[in-house]
Protein chains: 2
Amino acid sequence: MYHSKETVIGPTAEICERIWLSIAEKRLRPGARLKEEQLAEIFDVSRARVRQALAVLESDGLVTIVPNRGAFVAEPGVDEARDVFHVRKQIEARVMERLVDRITDDQVPQLEAHLAQEREADQRGDTSATIRLSGGFHLLLAELAGSSFLFGILRDLISRSSLITAIYRSQHLHNCGPDEHAALIERIRSRDKTGATRIMLDHLQHVEDELDLTEEIPTSRDLRHALV
Amino acid sequence: MYHSKETVIGPTAEICERIWLSIAEKRLRPGARLKEEQLAEIFDVSRARVRQALAVLESDGLVTIVPNRGAFVAEPGVDEARDVFHVRKQIEARVMERLVDRITDDQVPQLEAHLAQEREADQRGDTSATIRLSGGFHLLLAELAGSSFLFGILRDLISRSSLITAIYRSQHLHNCGPDEHAALIERIRSRDKTGATRIMLDHLQHVEDELDLTEEIPTSRDLRHALV
DNA sequence: ATCAACAATATTGTATACATTTTTGTAGTC
DNA sequence: GACTACAAAAATGTATACAATATTGTTGAT
């Protein structure tokens, strides 16, 4: 999907992948209940494997497990939201530095091809594909940067970003505009390290600016504070 | 242990914690077999929970699961090793920047107290405690930097560093010298951001320099190449 | 009608048994 | 004696049943 290397992964990782995708595409809302039996039937796997997947997702911060209550899609608070965007800027800046150093001329078309997909999905109004491809662009950058570690970290950050934007978006949100991605490709092509990094940081700031991180939004489960 | 916040964690996370610690302290060698039933008996939990913990550790890259074969402590290759140290430098540099900006005067004694523990463990020759405290110092820095995300990333990086040093150390390795930690504290106290960052980078470089990352070491399971 | 106590239901958590697969040990043949 | 084929053992993977717990619904008293 995003990176062709790890097409062969374990069965647990595949369940995680599908739930992760649903969260990243905002088909699963923050706070949504994740019943084990239901997931087992949907994915046609044993309940034990669903529990393994949920444990992994919990350690990734995407899911909250309450003992004897069940699993829910996580609802990050404002502090965590700011943290995620702060770290994401740092990580993606490092990705850009590495990428400009390492990318070869024959890899640039990969970025352009991805961008074309983004534009196409955007034009035909496929929001699900738009969100997936938009995050996929950033992951592709990390993949081409050649650090599987940065890739893994960014993977986490992007999925959490999706959760955060789902909760705190103040109005309409076009997750990542393809235009800024295009500008990014130009700087990468010309090996402009500082320029590429700056555009990336601006790009992420734009996304963050569309959020309303001023007030804490009460979580689904802890709705005491929502009503008093 | 390292950070007082998450003292109350789930039962799966507790199993992960104990296995992680054993790996970080090098009581579990790379490639070591991890039998489910054995772990279940040791930790006095169900085998299902052990499987959950192993799934989490696999997603963290600390454990390799081979279908129908079992779980083994991971054996990172040289590429991954270089990647880990590269990213770790980036991450810990960011930690230092944040830390110098955010740390308060009354938090510096925490660092000194930790350093005192390191020195004491070092003097009495307690290698297990030395390794734990040495990594704990870096985690404490991340905690005081106030980003739970950076903390989590560094947690991963440190445990993988332990695996890597266990495999690729060329000779004697004093994981992290307390002296360099002391120098670090000085720079932090004087709010010398660039100085603190440089010392940290040098510090990590010293650790990496003690490794022999020139040749690939054959893994335990794939020992074909080790013998032909 | 409201509230408390209690029963019913649903879901999670765990133990058990069993199928599948891999590894190891053994017997048999050349 | 070495190699192959087969059998036994061990460990993983999974399905099932059951226990523990939380939620929901109901009944009954004031």
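The sequence lines fix the lettering, A, B, ..., with proteins before strands; numbering per chain opens at 1.
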Legend entry - Base versus backbone protein contacts along nucleotides 9-22 of chain D [heavy-atom cut-off under 4.0 Å; B, S, -]: --SBBBS-B---SS
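- Between A/Phe72 atom CZ and C/dT11 atom P the separation is 12 Å, expressed in whole Å.
- With sequence neighbours left out, B/Glu120 forms a salt bridge (charged side-chain N to carboxylate O under 4.0 Å, His left out) with B/Arg124.
- Qualifying salt bridge (charged side-chain N to carboxylate O under 4.0 Å, His left out) partners for A/Glu208, counting only residues two or more places apart in sequence or in other chains: A/Lys89.
- Residues passing the salt bridge (charged side-chain N to carboxylate O under 4.0 Å, His left out) test with B/Asp101, sequence neighbours excluded: B/Lys193.
- Pairs passing the side chain to side chain donor-acceptor pair (under 3.5 Å) check and including a residue from residues 37-47 of chain B, sequence neighbours excluded, read B/Glu36-B/Arg47.
- A/Glu14 pairs by the salt bridge (charged side-chain N to carboxylate O under 4.0 Å, His left out) definition with nothing, not counting sequence neighbours.
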